[in-house]
**Q** 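Okay, here's the structure, questions in a sec.
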Amino acid sequence: MKTIWQQYNLDSREQYVAAIKALGTLSALFRQKADGTIDHTAYISSKYQETVFARFFNGLVVDKGNDPYDVMVPSPISGKRDLVGIKTFLNSSSSMQKIMQFKSVATTEGWTAWIKEGEYQRLVARISELRNQKLRSTQNLLAGAGVTPENAFENIFYHYLSPLKDGRVYVGEADYSFMDESNLSYKVPDESKRISSLQFSDGKNDYKYTPADSTLYMRFVHTKKSDIGGDIVDEFAVRQLADPHSSLMRLIEGDLAELLPSERSEERKNERSQDSLFGTKLLDEVLDDQSVVQEPKSDSENVSVVPSSVLPKARLKKKTRSLEPATNVSSLDTAKPDQTVIFPIFRLTDHGDTPAGEVDSKSGLNVRLGAPKNKGSDTRRPVNEVEIKIPDPRKFHEDFPHFFGVNDTGDPISKLHKVGSKWKTAFENYDDRTFELILTQSGQEMEAILTGDGNKQLMSKHRQIILGGWILSQVFQLGEYERLDRNKLDQLDLDSIKLTRLGNRRVGMEFIKTTEEDLEFLWPPRQDLFKALWTPLSTDDV
């Protein structure tokens, strides 16, 4: 039976491996300790690994900070997609690797007290529940509205690289399924000592939770081949420069200048922007130098050693969906096509019965819990009704008049006029304030409208069950008429809605966990209030 790795196109695999080797040639740059032992461990950057995996398997990097999946690629055996968790770790290191953190929830729910009181079963059950909840939510975000993960994804797995000290690199492939909440068992810790970790299993994988940093680890069998119960599906060897400093200086002083974009030629800049740092000829010449460390001989028959001439040459391929600006943009539409704003899901100030830091209790994503639509009626609002609220809408539309686009007359579709004491839409016809809403995490498109006094919110133009049902029951994992609250946001590491202008009357939407880099796009621009209420992502890489 083929492994998932073997299902992928051979040429793509070779180019991916070659790209890893290209960086690996510089490994000595990152080797700080010299204790006299021979160590040819290849240096592999996890972010670089994500990027080249997406590039050569024609996918997208979907990691948004602490998200469980890193890359989404077309499945090699169906019309579906694969979700991949990318990892790299030393083969000589512990087999337990970080896979998730629970800092906010652990503090809020008092997990330290649970450990002190010996409530270990309660703790592992809660960890398993939250782990599965996060996986489901992210899968649903990436699958899209009205699409089940089962119909969207063929394979969901960990792909990892594990470098050895002799210069070889193992390619590993591990299980990435939901935890079996019905089959949890734990190892009773030594309570006479300070409990530094709690080890448990779900019958499929072994896990460890460390309370000091609220981190969950999983065991990877990175020393055995897949045919004997391990994860290893392939291996390759990395040739390394003995003196990469000198080699880099030679590149800088010589041919590297030819590979860098010309300041005078924009055309040349665009042509070269996605090329590899090393041209094929250049890297071959450097590796042919007598100063290289030779490839180690492998003791495995399943060695995938790619010649140095096989290097990343292909440019980034066009994705299966287009997020290009529309071609019929009015000459009056001067907004930037990549303009971005971020709306917090929780309130920045007290409002009615909703305190600052909480989610509006009866509007926005909780509008279904509001008063019935018809005065005096007992009929509840539709179970899938949602509104994407625009904070301080009149000011927003003044500052970003073209964000949602312009109509055929050149007027912004968000145009307002005053009627009495209220600001109303200038266009009563829905079609005049309709735009394409793109769920950028899945690529789905649907018609949406600006609605409410002052165009204060956006909604799907047609059936609420599609967008609303997806947001409430799939992304946030809520039951019927269950309230979305701050605790749920923290559990799922989601706190904001990101809108990006993709062209005239085309807007992308994502649910995200705001990072430091995102704060400049916050609307309203009250970073002081937001940061006082914010639960930032951990800086630890998981």
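In this chain, numbering begins with 1 at the start of the sequence shown.
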**Q** Tell me whether the guanidinium CZ or amine NZ of Lys80 lies under 6.0 angstrom from the six-membered ring centre of Phe153 and within 45° of its axis.
**A**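 No.
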
**Q** Decide, yes or no, whether a salt bridge links Lys165 with Asp39 under the criterion of side-chain N to carboxylate O below 4.0 Å.
**A**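 Between Asp39 and Lys165 there is no salt bridge, as every charged N stays at least 4.0 Å from the carboxylate O atoms.
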
**Q** Examine Arg168 relative to Phe236 and say whether NZ or CZ is less than 6.0 Å from the centre of the six-membered ring and inside a 45° cone about the ring axis.
**A**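 No, a cation-pi geometry is absent between Arg168 and Phe236.
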
**Q** Could you tell me whether a side-chain N or O of Gln441 sits under 3.5 Å from a main-chain N or O of Leu141, the two making a donor and an acceptor?
**A**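 No, the answer is negative, given that no donor and acceptor are paired below the 3.5 Å cut-off.
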
**Q** State whether Phe346 and Arg486 meet the cation-pi test: NZ (Lys) or CZ (Arg) under 6.0 Å from the six-membered ring centroid, and within 45° of the perpendicular axis.
**A**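 Yes, Arg486 lies over the aromatic ring of Phe346.
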
**Q** So Lys21 and Arg239, do their side chains get closer than 4.5 Å, heavy atoms only?
**A**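 No, side chains not in contact.
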
**Q** Taking the basic N atoms (NZ, or NE/NH1/NH2) and the acidic carboxylate oxygens, is any pair closer than 4.0 Å for Asp493 and Lys134?
**A**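 No, this pair does not count.
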
**Q** Would you say that Tyr170 contacts His222 through its side chain, given a criterion of any heavy-atom pair below 4.5 Å between the two side chains?
**A**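 They are not in side-chain contact.
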
**Q** Taking the six-membered ring for Trp, are the ring centroids of Phe30 and Tyr43 within less than 6.0 Å of each other?
**A**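 Yes.
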
**Q** Contact between Val17 and Glu14 at the side-chain level, heavy atoms closer than 4.5 Å - yes or no?
**A**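 No, every pair of side-chain atoms sits at 4.5 Å or beyond.
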
**Q** Take Phe56 and Tyr16 through the test ring pair (Phe, Tyr, Trp, His ring centres under 6.0 Å) and record every step on the way to the result.
**A** CA-CA 6 Å; Phe56 294 114; Tyr16 166 69; 7.6 Å; no

**Q** For Phe476, give me all partners under ring-ring contact (aromatic ring centres under 6.0 Å, His included), at least two apart in sequence or on another chain.
**A**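 For Phe476 the ring-ring contact (aromatic ring centres under 6.0 Å, His included) partners, ignoring immediate neighbours, are Phe511.
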
**Q** Restricting to side chain to side chain contact (heavy atoms under 4.5 Å, CB included), what partner residues turn up for Pro244, sequence neighbours left out?
**A**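 Checked Pro244 against side chain to side chain contact (heavy atoms under 4.5 Å, CB included); matches are Leu26, Ala28, Leu29, Leu241.
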
**Q** Could you check whether Asp63 pairs with Lys47 (Lys NZ or Arg NE/NH1/NH2 to Asp/Glu carboxylate O, under 4.0 Å)?
**A**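 Salt bridge flag = yes for Lys47 with Asp63.
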
**Q** What I want to find out is whether Asp180 reaches Lys204 closely enough, with some N-O distance under 4.0 Å, to be called a salt bridge.
**A**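 No, Asp180 and Lys204 are not salt-bridged.
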
**Q** Applying the side chain to side chain contact (heavy atoms under 4.5 Å, CB included) criterion to Phe53, which one of Asp70, Leu161, Ile86 satisfies it?
**A**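 Of the listed residues Asp70, Leu161, Ile86, the side chain to side chain contact (heavy atoms under 4.5 Å, CB included) partner of Phe53 is Ile86.
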
**Q** Is Thr210 reaching over with its side chain to a backbone N or O of Ser197, donor-acceptor style, under 3.5 angstrom?
**A**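 No; zero donor-acceptor contacts below 3.5 Å.
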
**Q** With ring centroids as reference points, do Tyr120 and Trp114 lie under 6.0 angstrom apart?
**A**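 Not under 6.0 Å, so no.
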
**Q** Determine yes or no for a side-chain-to-main-chain donor-acceptor pair under 3.5 angstrom, with Asn366 supplying the side chain and Leu369 the backbone.
**A**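 No; zero donor-acceptor contacts below 3.5 Å.
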
**Q** Restricting to pairs with a member in residues 122-131, which pass side-chain hydrogen bond (donor to acceptor under 3.5 Å, both in side chains), not counting sequence neighbours?
**A**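 Output for this query lists Glu109-Arg126, Glu119-Arg122, Arg126-Glu129, Arg131-Tyr158.
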
**Q** Does the side chain of Ile77 reach to within under 4.5 Å of the side chain of Glu154, using non-hydrogen atoms?
**A**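 In contact.
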
